[in-house]
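Beneath this line is the structure, given in C-alpha cells, with notes to follow.
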Amino acid sequence: MGCVKIKLAVAIVSLMLLFPDSQGWGEDGHAIICKIAQPRLSKAAAEAVGNLLPPSAGNDLSSVCSWADHVKFIFPWSAALHFIDTPDSLCSYQYNRDCKDENGVQGRCVTGAINNYTSQLLSYGGDKTRYNLTQALQFLSHFMGDIHQPLHVGFTSDKGGNTINVHWYTRKQNLHHVWDANIIETAEERFYDSNIDGFVNAIQQNITKEWADQVQQWEACSSDKPSCPDIYATESIKAACQYAYKGVTENSVLGDDYFLSRLPEVNLRLAQGGVRLAAALNRIFS
Ligand SMILES: *[C@@H]1O[C@H](CO)[C@@H](O)[C@H](O)[C@H]1NC(C)=O
Ligand SMILES: *[C@@H]1O[C@H](CO)[C@@H](O)[C@H](O)[C@H]1NC(C)=O
Ligand SMILES: *[C@@H]1O[C@H](CO)[C@@H](O)[C@H](O)[C@H]1NC(C)=O
C-alpha cells in the first residue's frame with residue numbers, strides 16, 4: 001500500500017514537472033495586479049464588483065484572478081484566449097494579423113477576449129443579460145493581467161518562450177515560466193520576506209511617486225473605449241524582445257544579472273496591469 005502511494009505521488013509530481021502551469025502570470029502575479037486594482041475602483045465600480053463576485057470571494061477580487069487558469073480544462077475553448085502568437089522576430093503586433101487561435105479563427109486571443117468580456121460587462125444593470133457576468137469579471141481581471149506579461153505576446157515558433165529551456169539559477173525552467181512566476185517569486189523571497197502584500201505595497205508606493213506623472217497616460221485610451229488592449233499587446237511584444245528574449249538562448253543560465261536587470265520591467269508591467277484593470281472597470285461601471 002505505502003509503496004503504491006509513493007509511486008502515485010512520484011507520478012503526480014512528475015506530471016506536474018512535465019506540465020508546469022505555462023499560461024498567465026503565476027497565482028501571485030495575477031493576485032498582485034488585482035490587489036493593485038481593487039482599491040483604485042470608483043464607488044460605482046466597487047459596488048458592481050462586490051455584487052458580481054461570488055460569495056466565497058469575501059469581496060476580495062484577487063481571490064478570483066487565477067480562476068481562468070483553473071477552468072482551462074473544463075472550458076477548453078478558453079485556452080486560446082490567454083495569449084497572442086506573433087510572427088517570429090518581428091517584435092510587433094497587429095490585431096488583424098495576429099489575433100486568432102491555432103485554427104485561424106479571428107478574434108480568439110487575449111485582446112479579442114478583453115474586448116469580449118468588456119462588452120459583456122457593459123450590459124451590467126440592464127434587463128436579464130444572457131451572459132454570466134461573474135465569469136465575465138473573472139475572465140477580464142485575469143486577461144488584463146495576462147496581456148501585461150510580455151511573453152504572453154511572444155513569438156509563434158517558441159510559443160511565447162515555452163519551448164526555450166533555461167536554468168533559473170540552478171533549476172531547470174522554461175523562459176515563459178521565468179516571466180510568469182520565477183522573477184516574481186525570487187523578488188518576494190529576496191526583498192519582501194516572501195510576503196505578497198509587501199510587494200504590492202512597494203508597487204503602490206511607486207505608482208504614487210516614481211510613476212505618478214505616467215499613470216494618466218497608462219489609463220488613457222483612444223476614442224472613449226473602456227480599455228485599449230491593442231496598445232498593451234504592442235507594449236508586451238516590445239518588452240518581450242527588449243527584455244525577455246534578449247540574450248537568452250537554449251540552456252542559458254539566468255541568475256542575478258538577468259533577474260536584477262529584468263525585475264524593473266516586471267514591476268512596471270504589474271503596476272500597469274493593476275492601474276489599467278481598475279481604469280477599465282471604472283469606465284465600464286460608470
Ligand atoms: C466571448 O465570451 C463567450 C462567453 O464566455 C465565449 O463563449 C467566447 O468564446 C468568447 N470569445 C472570445 C473571443 O473571447
Ligand atoms: C456564473 O459563473 C459562476 C462562476 O463560474 C458560477 O458559480 C455561477 O453558478 C454561474 N451562474 C449562473 C447563473 O450560471
Ligand atoms: C520603486 O522605485 C525605486 C526607485 O526607482 C526602485 O528602486 C524600486 O525597485 C521600485 N520598486 C518597485 C516595486 O517598483
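Please read all numbers here as calculations on a predicted model, not as lab measurements. Order of listing sets the numbers, starting from 1, for every ligand and every atom in it.
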Applying a heavy-atom cut-off of 4.0 Å, say which part of Phe139 lies close to ligand 1: side chain, backbone, both or neither.
neither
Assess whether salt bridge (charged side-chain N to carboxylate O under 4.0 Å, His left out) is satisfied between Lys246 and Glu265, documenting all intermediate values.
CA-CA 13 Å; Lys246 186 155 195 182; Glu265 185 63 19; over 6 Å; no
Please check this pair: side chain of Gln138 against backbone of Trp67, looking for a donor-acceptor N/O pair closer than 3.5 Å.
no
Quick note on ligand 3: atoms under 4.0 Å from a heavy atom of Asn206 include exactly 1 (C), 2 (O), 3 (C), 8 (C), 10 (C), 11 (N), 12 (C), 14 (O)
Which is closest to atom 6 (C) of ligand 2 by heavy-atom distance: Asn132, Leu52, Thr134, Val71?
Asn132
Angle class for the Trp168/Tyr258 ring planes (parallel below 30°, perpendicular above 60°, tilted otherwise)?
perpendicular
Given 3.5 Å as the limit, does a donor-acceptor pair link the side chain of Lys72 with the main chain of Ser78, or not?
no
Give me the residue, atom name and distance of the protein heavy atom closest to atom 5 (O) of ligand 2.
Gln135 NE2, 2.9 Å
Is it the case that the side chain of His148 and the backbone of Met144 share a donor-acceptor pair, with hydrogens and angles ignored and the cut-off at 3.5 Å?
yes
Tell me if a side-chain donor or acceptor on Thr208 pairs with a main-chain N or O of Gln205 at a distance below 3.5 Å.
yes
In ligand 2, which numbered atoms sit nearer than 4.0 Å to a non-hydrogen atom of Trp67?
5 (O)
Atom 13 (C) of ligand 1 [closest protein heavy-atom partner, distance rounded to 0.1 Å]:
Gly107 O, 3.3 Å
Taking the non-hydrogen atoms of Tyr117, is any one of them nearer than 4.0 angstrom to ligand 1?
yes
Among protein heavy atoms, which lies nearest atom 9 (O) of ligand 1, and at what distance?
Arg108 NH1, 3.2 Å
What atoms of ligand 1 come within less than 4.0 Å of a heavy atom belonging to Ala113?
14 (O)
Examine ligand 3 and decide if any of its atoms is less than 4.0 Å from a heavy atom belonging to Tyr192.
yes
Applying a heavy-atom cut-off of 4.0 Å, say which part of Trp211 lies close to ligand 3: side chain, backbone, both or neither.
side chain
Taking Asn103 for its side chain and Val105 for its backbone only, find out whether a donor-acceptor pair lies under 3.5 Å.
no
A student comparing Ile114, Asn116, Val110 should find that the heavy atom closest to atom 10 (C) of ligand 1 comes from Asn116
Any N/O of Trp77 closer than 3.5 Å to an N/O of ligand 1?
no
Relative to the heavy atoms of Gln120, which atoms of ligand 1 are at a distance of less than 4.0 Å?
1 (C), 2 (O), 3 (C), 4 (C)
Residue of the set Asp230, Thr86, Asp85 for which side-chain hydrogen bond (donor to acceptor under 3.5 Å, both in side chains) holds with Tyr93
Asp230
Please lay out, stage by stage, how Arg269 and Ser236 fare under the test side-chain hydrogen bond (donor to acceptor under 3.5 Å, both in side chains).
CA-CA 9 Å; Arg269 296 307 275 165; Ser236 268; 2.9 Å; yes
Any donor-acceptor N/O pair, Arg40 side chain to Asn282 backbone, under 3.5 Å
no
Which atoms from ligand 1 have a heavy atom of Leu81 less than 4.0 Å away?
12 (C), 13 (C), 14 (O)
